Amino acid sequence: MSRLLLRGGRIVDPSQKLDQVWDLLIEDDRVEAVGKDLPQDSDTEVIELTGKVVAPGFVDMHVHLREPGYEYKETVASGTAAAAAGGFAGVACMPNTDPVNDNRAVTEMILDRAATEGSVPVYPIGAVSAGSKGEEMAEIGDLVDAGCVAVSDDGHPVATSFLMRRALEYTKMFGIPVIDHCEDMSLTARSSMHEGTASTRLGLKGHPSAAEEIIVARDVILAELTGGRLHCAHMSTAGSMRHLREAKQRGVAVTCEVTPHHFTLIDEAVSSFDTNTKVNPPLRGPEDREAVLAALGDGTVDVIASDHAPHHADEKNVEYDIALPGLIGLETAVPLACEHLVHTGVIDVSRLVELFSTNPCRIMGIAGGTLEAGAPANVTILDLDRQAAVDISTSRSKSRNSPFDGVLLRGWPAMTIVAGMVVWRSEA
Ligand code: DOR
């Protein structure tokens, strides 16, 4: 039996309403105890964590690992290494691979790769529809049986109201959420940025806020009709926040996530024509960013997820309107949240932990999100005072498509522990 004592850190665990400078004792792969001055014997390994935050392991519930099919952008091995280095003790991966994760064989292959080559656990998200084509429903029961924790046609919306209704009804049997990429594609064809004054000035075709909000409204109505669980991915507009706040007040079973790029950047960033600012949904207007910050503060937002979307340089070093959308986010999500949310007073540390750990685990029904005795010993340790610039050249990802290279941020992950093992530790 191995024992690891994390001594003298600030333990922040909203699942137990805990925020104390205490110790955490791990025995093998489980939390043994949290408390003041926990005893240690001679064979206990001790890590001193004075001044650090000790939290239940962060889980990024929106990641594109690209395997199978796009291994030149990312693999399970490289993506989970980036996750560990970003302070994440687990990731959920989206099904827009090639082939699409719409059947047991693909799910099992991803889980097998994760078991043999992964730095952190991987929770596959299966497709809602066969091939994510929006026609026939995928074999959702089989996907859940193989290990999928949710379904989504991410990259695309669930194509029709009929399919969304059936998916919400059917997933109720398995207690999993339907995660939707909310975009009315009839309004966004050939668009490459947010529709507003900046798109007009830059001469790029715009993606209106209404494209997102129409599908959010549709999905909320169908979640209410069916009683199914809806999770809205990468919410980016003021109108979406309004719909979601109101739906939650009415008791609809809806949760949502926002990304660090939507709470830090606005459409003006596109003026540089840096294709790393091209993302879907696009960077929105200043009033949208303000609304996202307000919704993070008032509890409307449940989760921060990176939407880590690696692309090869050749897919980005092209004209803006033909570049692929997406940016890598696993190693910058936590420092961006510390700098722009915690140090600015938008949220406190306990809410940060809720957004990165408690809530994603609860929504996906996975173990973790707590440091209660008996829980898996998955731990994220933060140094809220460390100040450093993002250096994308050191990323563990296979791709480099980040608009944050060189940006100075305060508050970084210091260590990631999975099942009692230190899987990553900052050299700083
Ligand atoms: O920017 C994005 N990239 N948004 C998505 O919805 C999909 C993702 C990808 O897979 O590249």
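Here the structure is a predicted model, which is why all the values come from computation and not from measurement. Ligands are counted one by one from 1 in listed order, and the atoms in each one are counted from 1 as well.
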- Test log, rule side-chain contact (heavy atoms from CB on, under 4.5 Å), inputs Asn276 and Ser402: CA-CA 6 Å; Asn276 293 324; Ser402 169; 5.8 Å; no
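Near Val279, with a cut-off below 4.0 Å to any heavy atom, the atoms of ligand 1 are 1 (O). Set against the non-hydrogen atoms of His181, the atoms of ligand 1 under 4.0 Å away are 6 (O). Numbered from 1 in the order shown, with element, the atoms of ligand 1 that lie under 4.0 Å from a heavy atom of His311 read 11 (O). Atoms of ligand 1 found under 4.0 Å from any heavy atom of His234, numbered from 1 in the order shown, are 6 (O). Interface atoms of ligand 1 facing Pro325, defined by a heavy-atom separation under 4.0 Å, are 1 (O), 2 (C), 3 (N), 11 (O).
Between Val407 and Leu409, some side-chain heavy-atom pair lies under the 4.5 Å cut-off.
Not a single N or O atom of Ala309, backbone or side chain, sits closer than 3.5 Å to an N or O atom of ligand 1.
Under the 4.0 angstrom criterion for non-hydrogen atoms, Arg66 is in contact with ligand 1.
At distances below 3.5 Å, not a single donor-acceptor pair connects side-chain atoms of Lys172 with backbone N or O atoms of Arg229.
In Leu327, neither the side chain nor the backbone holds a heavy atom less than 4.0 Å from any atom of ligand 1.
Using bins of under 30°, 30° to 60° and over 60° for the plane-to-plane angle, the ring pair Phe356/Phe58 lands in the parallel bin.
Between His181 and His234, the distance from one ring center to the other falls under 6.0 angstrom.
Open room surrounds CZ on Phe162; 12 or fewer heavy atoms of other groups in view lie less than 6.0 Å from it. Within 6.0 Å of the CE atom in Met137, the count of heavy atoms belonging to other residues, nucleotides or ligands exceeds 12.
When only non-hydrogen protein atoms are considered, atom 4 (N) of ligand 1 lies nearest to Asn280 O, 2.7 Å.
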